[in-house]
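These notes are about the structure you will find just below.
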Amino acid sequence: MKLHEFQSKEILSEYGIPVPLGKVARTPSQAATAAFDLGGTVVVKAQVHAGGRGNAGGIKVVKTPGAAEEAAAAMLGSNLITFQTGPEGVPIENVLIEEGIEIAEELYLGMVIDGSTKGVVVIASKSGGVNIEEVAENSPEKILQIPIDPVLGLQGFQGRQIAYGLGLSQSQVRSASILLENLYRLFIATDASLLEINPLVVTTDGTLVAADAKINIDDDAVYRHKNIQEMADPSQEDPLEVQARESDINYVKLDGNIGCIVNGAGLAMATMDVASAAGAAPANFLDIGGGADEEKVAKALTLVLSDLNVKAVLVNLFGGILRCDIAARGFVMAVERNRELERPMVVRMLGTNSEEGRKILTSSNLKVTIVETLDEAAKAISKLS
Ligand code: GDP
Ligand code: MN
């Protein structure tokens with residue numbers, strides 16, 4: 001689950017990490033009031049679940065409440081398109097109004113769960129700021145990676161190693177070490193999967209401030225944090241993915257034109273690979289899951305067909321707990337409910353009650369091609385794409 005910058009900063013602040021003073025505004029006049037209360041130069045920051053705002057017009061430094069109001073009016077209600085969003089962008093419903101800070105240096109500090117070291121890795125760089133992706137691409141030696149032992153936790157010497165790696169002076173090393181300890185404590189306590197402060201600013205008077213913040217929480221652990229659960233913002237997510245989650249269907253939208261319906265995550269990935277190899281680009285990943293009934297199968301097909309990019313649907317089912325006849329009835333139900341959404345389907349069905357399932361489909365008036373092997377399925381679907 002992704003958090004907004006202002007939510008992430010509330011949490012940072014609870015853990016003693018310095019952040020600029022700020023207020024969230026949902027209207028231009030609230031933005032003006034917030035700017036007036038903060039006084040002086042303020043920064044107006046679009047709150048969206050995507051990075052790259054600075055280079056996309058989502059961050060404005062302004063000198064007066066009037067200018068803050070104007071900047072907020074231009075942002076609120078529009079969509080921000082950054083290199084991390086799709087072409088349609090994400091809606092800006094909140095702006096964060098923050099006191100302007102005087103920046104001497106922009107550093108990068110992140111923590112992420114790393115599968116290869118099976119623990120948290122701290123990522124740090126002297127060359128923080130809006131072009132960090134370029135730094136990582138062109139000069140990876142400027143990025144420091146320190147794995148943390150999950151039993152020992154972040155140790156004192158590692159804190160100092162990171163602080164010196166960031167090029168901080170002797171007197172800043174102590175505050176940086178404390179900041180790192182707090183950050184690690186926060187990461188573990190909130191079940192975070194990713195945390196990023198970019199930039200971690202060294203101000204002109206030499207203090208450290210988190211000028212931007214991004215926290216992702218492990219979806220499977222969110223239930224343990226009531227306060228974090230309440231921070232969810234479905235406006236920032238793909239509406240089909242939100243619907244899928246509500247129906248307990250594993251669905252990830254992709255940008256191809258072949259809808260995929262499969263039972264089992266492994267089989268779903270294999271099916272997508274086979275389709276891709278045959279030249280058909282998957283429009284989604286979808287795993288119906290084990291105990292689906294007709295209603296859930298119908299919901300899955302309706303979801304896939306609600307994506308207007310989808311030209312045809314590839315179904316690959318191995319009937320086990322989910323019987324093929326139940327799946328077939330679910331498909332028929334979905335199409336009968338929403339005729340106008342129908343697109344041709346290629347169906348491979350094996351396992352429990354597959355004969356019955358195929359009969360239901362062939363005797364329905366659905367546009368289905370039944371195939372035996374995954375190979376045939378791939379050929380049939382690539383023709384339709
Ligand atoms: P991102 O592009 O989505 O990562 O947004 P950030 O919050 O990191 O802001 C982008 C850039 O705006 C930063 O790297 C800074 O250069 C600049 N910026 C952010 N806050 C301030 C501020 O208080 N004062 C000044 N002068 N610049 C700021
Ligand atoms: Mn940033």
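Start at 1 and go down the list; that is how both ligands and their atoms are numbered.
- Taking the Mn ion (ligand 2) as reference, D212 places its N/O/S atom OD2 nearest.
- Under the 4.0 Å distance rule, the nearest protein heavy atom to atom 17 (C) of ligand 1 falls outside the cut-off.
- Under the 3.5 Å distance criterion, the side-chain polar atoms of Q7 are matched with a main-chain donor or acceptor of M231.
- Looking only at distances, a side-chain donor or acceptor of E342 sits under 3.5 Å from a matching main-chain atom of K367.
- Taking every non-hydrogen atom of I103 and a distance limit under 4.0 Å, the qualifying atoms of ligand 1 come out as 25 (C), 27 (N), 28 (C).
- Within the coordination shell of the Mn ion (ligand 2), defined by N, O or S atoms under 2.8 Å, E196 is absent.
- Residue E106 touches ligand 1 through its side chain alone, judged by heavy-atom distances below 4.0 Å.
- Atoms of ligand 1 found under 4.0 Å from any heavy atom of I59 (numbered from 1 in listed order, with element): 5 (O), 7 (O), 9 (O), 12 (O).
- Not one N or O of G100 is nearer than 3.5 Å to an N or O of ligand 1, by distance alone.
- In the vicinity of D212, heavy-atom distances shorter than 4.0 Å reach the ligand 1 atoms 1 (P), 4 (O), 5 (O), 6 (P), 7 (O), 8 (O).
- Under the 4.0 Å criterion applied to side-chain N and carboxylate O atoms, R53 and D212 are assigned as salt-bridge partners.
- Taking any N or O of I101, backbone or side chain, at least one lies under 3.5 Å from an N or O belonging to ligand 1.
- For the residues K214, E98, K60, R53, the heavy atom positioned nearest atom 1 (P) of ligand 1 is part of R53.
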N365 and R339: CA distance, side-chain angles, deciding distance, side chain to side chain donor-acceptor pair (under 3.5 Å) verdict: CA-CA 11 Å; N365 54 3; R339 269 272 152 222; 2.8 Å; yes
Derivation of the salt bridge (Lys or Arg N to Asp or Glu O under 4.0 Å) call for E336 and R329: CA-CA 10 Å; E336 279 175 356; R329 283 196 193 93; over 6 Å; no
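- Using a 4.0 Å cut-off to heavy atoms of G54, the atoms of ligand 1 that qualify are 1 (P), 2 (O), 3 (O).
- For ligand 1, the atoms lying closer than 4.0 Å to a non-hydrogen atom of V130 are 2 (O), 10 (C), 11 (C), 14 (O).
- Contact annotation: K45 has at least one heavy atom less than 4.0 Å from an atom of ligand 1.
- Closest heavy-atom approach to atom 21 (C) of ligand 1 among the candidates I132, V43, N198, T41: V43.
- Panel note: side chain D218, backbone A192; no donor-acceptor pair is recorded below 3.5 Å.
- Between H4 and D233 there is a side-chain heavy-atom pair separated by less than 4.5 Å.
- Residues L301 and V315 fail the side-chain proximity criterion, which asks for heavy atoms closer than 4.5 Å.
- At least one donor-acceptor pair closer than 3.5 Å links the side chain of Q84 to the backbone N or O of G51.
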